Each structure stands twice: as C-alpha cells, then as structure tokens.
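Structure first, commentary second.
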There are 2 protein chains.
Amino acid sequence: MYICIVDISLTEENYIKAIFSINASNKGEGASTNELSEQLNNKAGSVTDMLKRLAEKKLIHYQKYKSVSLSSAGEKLAIGIVRKHRLWEVFLMEKLHFKWDEVHDIAEELEHIKSDELVLRLDAFLGKPRFDPHGDPIPDAKGHLFLPHAKPLSHFARIGTYTFLGVAEHSKLFLQHLTSLGLKIGDTIKVLDINAFDHSLMVKINRNEHQFFSEAVSSKLLVDIKK
Amino acid sequence: MYICIVDISLTEENYIKAIFSINASNKGEGASTNELSEQLNNKAGSVTDMLKRLAEKKLIHYQKYKSVSLSSAGEKLAIGIVRKHRLWEVFLMEKLHFKWDEVHDIAEELEHIKSDELVLRLDAFLGKPRFDPHGDPIPDAKGHLFLPHAKPLSHFARIGTYTFLGVAEHSKLFLQHLTSLGLKIGDTIKVLDINAFDHSLMVKINRNEHQFFSEAVSSKLLVDIKK
DNA sequence: AAAATAAGTTAGGTTAGCCTAAAAAACTGT
DNA sequence: ACAGTTTTTTAGGCTAACCTAACTTATTTT
Ligand SMILES: [Mn+2]
Ligand SMILES: [Mn+2]
Ligand SMILES: [Mn+2]
Ligand SMILES: [Mn+2]
C-alpha cells in the first residue's frame with residue numbers, strides 16, 4: 001500500500017496517461033521518449049525533463065536510454081484517469097447527447113477533476129457502465145480493467161458474421177466516417193466477400209444494403225465473431 | 001463586439017472571478033490589491049504582477065495604486081465562469097445528490113472546463129435552472145444576471161414572516177450549521193420575537209418548534225418578506 | 001503639516017514546463 | 001567492426017506564476 005503525498009499536476013497526469021496508453025499499444029514494452037514526444041506534442045528534450053520528475057515522484061521506472069514504464073503507483077493513477085475519462089464520455093453521450101466524435105476533447109479536460117466521491121457518484125448516476133462510447137472498457141472503482149478480446153475485422157480475413165465492439169482509432173475524422181457509413185457500436189457486420197487484391201470487404205451492416213470497407217477502415221474496426 | 005484571441009489560463013480565470021465577486025460585494029467600487037491577495041491566498045506582490053498581465057490582455061482597467069475593475073471583456077468572461085460554476089453546483093446537487101456544503105469545491109474546478117456547447121447542454125439538461133443550491137442567481141446564456149432583491153434577515157429587524165432565499169456566506173461550516181438548524185432554501189421563517197440586547201431572533205422554521213438565531217446567523221440569511 | 005501606518009509596487013529569485021541546439025548513446029547495414 | 005543514422009540526453013534559455021524584502025505612495029492620526 002502506498003499513500004500519495006505529493007500532488008500531481010495536470011501535465012504530469014497527461015504524461016502518465018500517455019505512458020499508459022503507449023505501453024498498452026506496445027504490448028507492455030513501455031514507452032519511448034520519441035513516442036511520448038509525438039503523442040504529447042512536446043519536444044524530446046522536454047519529455048526527458050518530465051521523465052526525471054516523474055521518476056523522482058516514483059510514478060515511473062526510468063533508466064536513461066531505455067523505454068519507461070509505470071510504477072504500481074503510476075499505473076493506479078493512470079487507470080483512475082482513464083476511468084474518469086471514459087465515464088465522462090458516457091455522461092456526455094448519454095445525458096447531454098453529444099455525438100461520439102465530440103466527447104473526447106471535453107473528456108480530456110474533465111478527466112483531471114480531482115474528487116473520488118465525484119467519480120463514484122457519476123459512475124452510479126450513469127448505471128455503472130462497462131464501456132465508453134467508443135467501445136473501450138471502463139475500469140471499475142477498484143482499478144480493475146477488463147480487457148475484451150476484440151480484434152480488427154481485417155484480422156479475421158474471412159467471410160462470416162461479426163459484432164462491432166469498438167474502434168482502434170479515435171480521430172474525429174474516422175468516427176465521423178463510420179457515422180456516415182451508418183455504423184454504430186453493437187451493429188452486426190456480415191462479410192460477404194473479400195477482395196484478393198486490396199483486401200477491401202463487401203459487407204452488410206445489420207439488414208442494410210451491402211457496401212464496401214477499405215482495409216484502412218476494416219483494420220480499425222474491433223469486432224468479435226457473432227455468436 | 002470583441003473576439004478573444006489570446007486564451008486565458010485557469011489562474012487568470014480565478015483572478016477575473018475574484019475581481020468580479022469583490023467588486024460586487026463592494027457595490028461597484030472595484031477590488032483592491034489586498035482584497036485580491038486575501039481572497040486568492042497570494043501575496044500582494046504576486047497580485048500586482050498578475051494585474052499587469054490582465055491589463056495587458058485588456059481584461060481589467062488598472063491604474064497604479066487604484067482599485068481595479070473589469071473591462072467589458074473581463075466582465076463577460078467572469079459572468080461565463082460564474083454561470084458554469086453555478087450550473088455545475090446544480091448538477092452536483094440535483095443529479096449526483098451531493099449536499100449543499102460539498103458542491104462548491106468541486107465546482108471550483110469544473111467552472112474552468114472550456115466548451116460553450118457543454119454549458120448550453122448542461123443548462124438544458126438541468127432544465128435551465130435560475131438559482132444555484134445556495135440561492136445565487138445563474139446568469140443566462142446571453143450573460144444576463146438577474147439580481148434578486150433579497151436582504152439579510154437581520155436587516156428587517158421586525159416581527160413578520162419571511163422566505164429564505166439564499167446565503168450571504170458560503171463556508172462549509174456555516175452551511176452545515178444551517179442544515180443542523182433544519183433550514184433549507186425556500187423555507188418560511190417566522191420571526192416571533194427580537195431580543196433588544198443581542199438582536200437574536202426567536203423564530204419558527206415552517207411549522208416546526210421555535211428556536212433562536214444569533215445575529216451572526218441572521219445577518220447571513222438572505223430573505224424576502226413572504227407574500 | 002508632520003509623523004506614523006497601511007497599501008501597493010518593484011526588484012530579484014524560484015520552480016514547472018516548455019524550447020533549441022549540441023553532444024552522447026544506441027542502433028543498423030554492410 | 002565501424003560508419004551512418006536515429007534516438008535520447010544535456011546544456012542553456014524562456015515564460016507564467018508564485019515568493020520575499022525593500023521601497024514608494026496613500027491614508028490616517030496627532
Ligand atoms: Mn487530459
Ligand atoms: Mn473513448
Ligand atoms: Mn476556480
Ligand atoms: Mn453556489
């Protein structure tokens with residue numbers, strides 16, 4: 001058990017969250033200085049600066065020239081921020097009727113509000129949701145994060161029926177594109193044909209007219225085989 | 001009309017809000033360096049620093065050794081922050097069931113979230129409330145702030161029946177004290193007797209047993225004569 | 001009208017969080 | 001293994017937002 005004495009700035013929280021998400025997409029290999037620099041829109045030198053401070057505060061494991069990873073305190077913090085981010089996204093969609101491509105930027109600010117009680121009550125108010133509007137799992141109050149085993153639609157590479165569970169890209173442009181294709185979380189995607197040259201798919205969403213998904217799209221759609 | 005080009009930091013927003021509220025309690029006489037220093041828990045020298053920066057940004061009218069006031073841009077900004085603060089307080093009470101002495105600190109952070117669309121939708125979600133949990137009026141979307149003509153109960157100094165409309169002090173301790181007295185916004189306060197020596201009041205709240213209010217309390221209760 | 005006190009400003013210093021440019025270390029390809 | 005490239009760190013600087021201590025201006029008291 002560890003009690004956090006120093007308090008953590010908004011900037012530090014953003015670094016911690018970035019390390020967490022880069023580490024996850026790297027399958028636990030940690031985050032490099034350049035990856036952080038890219039994600040946070042800072043120069044590499046600034047990142048090194050901050051890594052030293054985070055190491056000082058025991059939030060990360062840092063060795064020069066090696067990629068960094070979160071300490072257990074850092075991970076706890078990161079999961080708390082992710083939980084807040086995703087809960088606020090649900091609030092913005094479900095209660096304030098924002099679209100799924102509008103919620104991220106606002107949640108990026110709301111995730112830093114510091115009140116444990118607030119998070120508990122928001123969670124209860126929303127009915128303890130398990131997934132955010134993009135299909136990402138919401139860590140529970142104990143910091144447990146359930147990882148769904150969805151995979152990119154392109155990964156299956158075969159005719160069949162799938163359930164759309166989440167997105168592997170969160171850009172406004174991509175989300176708006178999916179909306180214009182008529183695709184929402186939970187939809188059924190039936191793959192009718194696969195083009196051997198460009199790997200584009202002929203699909204049917206629910207019971208609609210068939211249409212085509214480029215591989216650029218299908219590789220960003222997280223699905224599972226429909227049961 | 002004025003478009004705000006530079007963006008305003010959280011710290012600057014807190015200064016602007018402080019100037020606004022001190023100015024209001026001074027009946028438009030502006031805010032002094034020392035009053036700001038007190039309210040913001042900064043030293044006077046730091047306040048002077050910031051006043052120069054705010055003047056640079058045309059948010060205040062500042063002349064050395066004189067008390068400062070908000071420019072029209074500054075006032076617009078201040079009212080926007082107050083609006084957000086009070087709307088979030090309503091949200092915390094009405095939707096998340098916080099108590100009226102718990103909402104202020106959290107709203108102090110939430111008031112800085114920057115999204116006009118968010119404020120509009122939150123307002124609609126809450127049913128366009130006109131008052132916050134402490135009886136303070138909520139500015140409308142156009143920045144118009146209705147000022148109720150409630151006065152401290154002690155001010156009337158006569159037997160009669162009053163409606164409790166708001167508090168002139170927002171400290172946790174005072175709010176909790178009122179709760180323990182069984183007093184809520186909207187309650188009827190019947191003044192049965194006034195002590196000539198200490199100006200304490202014998203009162204009845206709604207139809208309850210009679211009790212006493214010290215002047216320390218009655219001077220902080222904003223009421224109007226019951227119609 | 002001085003003297004005393006209070007209020008406000010200035011000067012110089014600190015820290016967080018950024019920057020650029022140069023140096024050092026770690027990889028990569030042959 | 002070593003030359004070239006990429007990645008990371010270091011060194012030196014900057015600004016916002018604070019501080020303290022000294023100084024200046026304004027106000028109050030006698
Ligand atoms: Mn953020
Ligand atoms: Mn999301
Ligand atoms: Mn605030
Ligand atoms: Mn209030």
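In what follows, chains carry the letters A, B, and so on, assigned in the order in which the sequence lines appear, proteins first and then strands, with residues in each chain numbered from 1. Remember, predicted model here, so these are calculated numbers, not experimental data.
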Please state whether the phosphate of C/dT10, meaning OP1 or OP2, lies under 4.0 angstrom from any side-chain nitrogen or oxygen of B/K64.
yes
Kindly point out which of C/dG17, C/dT9, D/dC19 is positioned nearest to the side chain of B/K43?
D/dC19
With under 30° as parallel and over 60° as perpendicular, where do the rings of B/Y162 and B/F156 fit, or are they tilted in between?
tilted
A/R83 vs A/D123, salt bridge (charged side-chain N to carboxylate O under 4.0 Å, His left out): CA-CA, chis, key distance, verdict:
CA-CA 9 Å; A/R83 172 168 155 81; A/D123 189 31; 3.3 Å; yes
Between C1' on C/dT15 and CE on A/M50, what's the gap in Å once rounded to a whole number?
12 Å
For D/dA17, take OP1 and OP2 only and decide whether either is under 4.0 Å from a side-chain N or O of B/S9.
yes
Would you check if the distance from the ring center of B/H104 to the ring center of B/H85 is below 6.0 Å?
yes
Measure OH/A/Y65 against C1'/C/dA23 and give the value in whole Å, please.
8 Å
Rounded to whole Å, please give me the gap between CD in A/Q63 and P in C/dA26.
11 Å
Below 4.0 Å: OP1/OP2 of C/dG8 and any side-chain N or O of B/Y62
no
For A/T48, answer base if it contacts any base atom (sugar-phosphate contacts may also be present), sugar-phosphate if it contacts only those atoms, and nothing otherwise; contact means non-hydrogen atoms under 4.0 Å.
base
Can you pull out the residues from residues 25-42 of chain A that lie within a 4.0 Å heavy-atom distance of DNA chain C?
A/N41, A/N42
Does a side-chain N or O from A/R53 land closer than 4.0 Å to OP1 or OP2 of C/dA16, or not?
no
Given atom CD of B/E13 and atom P of D/dA16, what is their separation to the nearest angstrom?
16 Å
Atom CD of A/E12 and atom C1' of C/dA16 are separated, to the nearest Å, by 9 Å
Under 3.5 Å: donor-acceptor pair, side chain of B/K84, backbone of B/I113:
yes
Give a yes/no answer on whether the side chain of A/S46 brings an N or O atom under 4.0 Å of OP1 or OP2 in C/dC19.
yes
Distance check needed: D/dT10 C1' versus A/K52 NZ, whole Å only.
7 Å
Value in whole Å for how far the P atom of D/dA17 lies from CG of B/L51:
13 Å
Parallel, tilted or perpendicular: ring planes of B/F91 versus A/W88, cut at 30 and 60 degrees
tilted
Could you tell me how far apart A/D49 (CG) and C/dT15 (P) are, to the nearest whole angstrom?
14 Å
If you count the non-hydrogen atoms of other residues, nucleotides and ligands that lie under 6.0 Å from NE2 in B/H155, is the total more than 12?
no
Would you find a donor on one side and an acceptor on the other, under 3.5 Å apart, between the side chain of B/D101 and the backbone of B/K172?
no
